[in-house]
Undergrad: 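Below you'll find the structure I mean.
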Amino acid sequence: MQAWAKDQKASIGLLNFMGDPYGDLTKALDMELTHEGPIGKGLVGRCKRFAMHVVDGEIKTIRVSEKPDDPAGDADPSATLADAMLAAIHEE
């Protein structure tokens, strides 16, 4: 995760990057992508495209980018992008 953060030029002090190699958190949050499309391409255990705002261990906001015809949220990730999350956090 740190290499990805460096590649994206993301400030490590501002964001916390955490991996989920066994999918434990993904499953606990019910964010496992189980649609047949990605699984049919060998993408087993992939998580949905989501963003969370967490304060002191409490989930304040969670947004998921998915639609019936776009289960991975690739075509329209807007719900999980920075602008949408900042607006959602402002509304908390």
Undergrad: Hey, quick one: are Leu25 and Ile59 part of the same hydrophobic cluster, counting side-chain heavy atoms closer than 4.5 Å, chains of contacts allowed?
TA: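 They do share one cluster, since a chain of ILVMFWY contacts under 4.5 Å joins Leu25 to Ile59.
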
Undergrad: Just distance, no hydrogens or angles: give the donor-acceptor pairs under 3.5 Å from side chains in residues 76-84, sequence neighbours left out.
TA:
{"unit_1": "Asp76", "atom_1": "OD1", "unit_2": "Ser78", "atom_2": "N", "d": "3.3"}
{"unit_1": "Asp76", "atom_1": "OD1", "unit_2": "Ser78", "atom_2": "OG", "d": "2.7"}
{"unit_1": "Asp76", "atom_1": "OD2", "unit_2": "Lys67", "atom_2": "NZ", "d": "3.0"}
{"unit_1": "Thr80", "atom_1": "OG1", "unit_2": "Ser65", "atom_2": "OG", "d": "3.1"}
{"unit_1": "Thr80", "atom_1": "OG1", "unit_2": "Pro77", "atom_2": "O", "d": "2.8"}

Undergrad: Quick one, Ile89 with Glu92, criterion side chain to side chain contact (heavy atoms under 4.5 Å, CB included). Give me CA distance, side-chain angles, the key distance, then yes/no.
TA: CA-CA 5 Å; Ile89 290 167; Glu92 291 176 357; 3.8 Å; yes

Undergrad: Measure the spacing between CD1 of Ile62 and CE of Met85 and express it to the nearest 0.5 Å.
TA: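 That separation rounds to 8.5 Å.
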
Undergrad: With rounding to the nearest 0.5 angstrom, report the NZ to CG distance, Lys27 to Asp20.
TA: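 The distance works out to 8.5 Å.
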
Undergrad: Search all heavy atoms of Leu33 against all heavy atoms of Pro71 and return the closest pair with its distance.
TA: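 Nearest pair, atom of Leu33 first, then Pro71: CD1-O, 3.4 Å.
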
Undergrad: Assigning hydrophobic clusters by single linkage (Ile, Leu, Val, Met, Phe, Trp, Tyr; side-chain heavy-atom cutoff under 4.5 Å), is Leu29 placed with Tyr22?
TA: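 Result: no, two separate clusters.
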
Undergrad: Are Val54 and Met31 co-members of a hydrophobic cluster defined by side-chain heavy atoms under 4.5 Å apart?
TA: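 Yes.
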
Undergrad: With sequence neighbours left out, what residues match Asp74 under side chain to side chain contact (heavy atoms under 4.5 Å, CB included)?
TA: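 For Asp74 the side chain to side chain contact (heavy atoms under 4.5 Å, CB included) partners, ignoring immediate neighbours, are Arg46, Arg49, Asp70, Ala72.
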
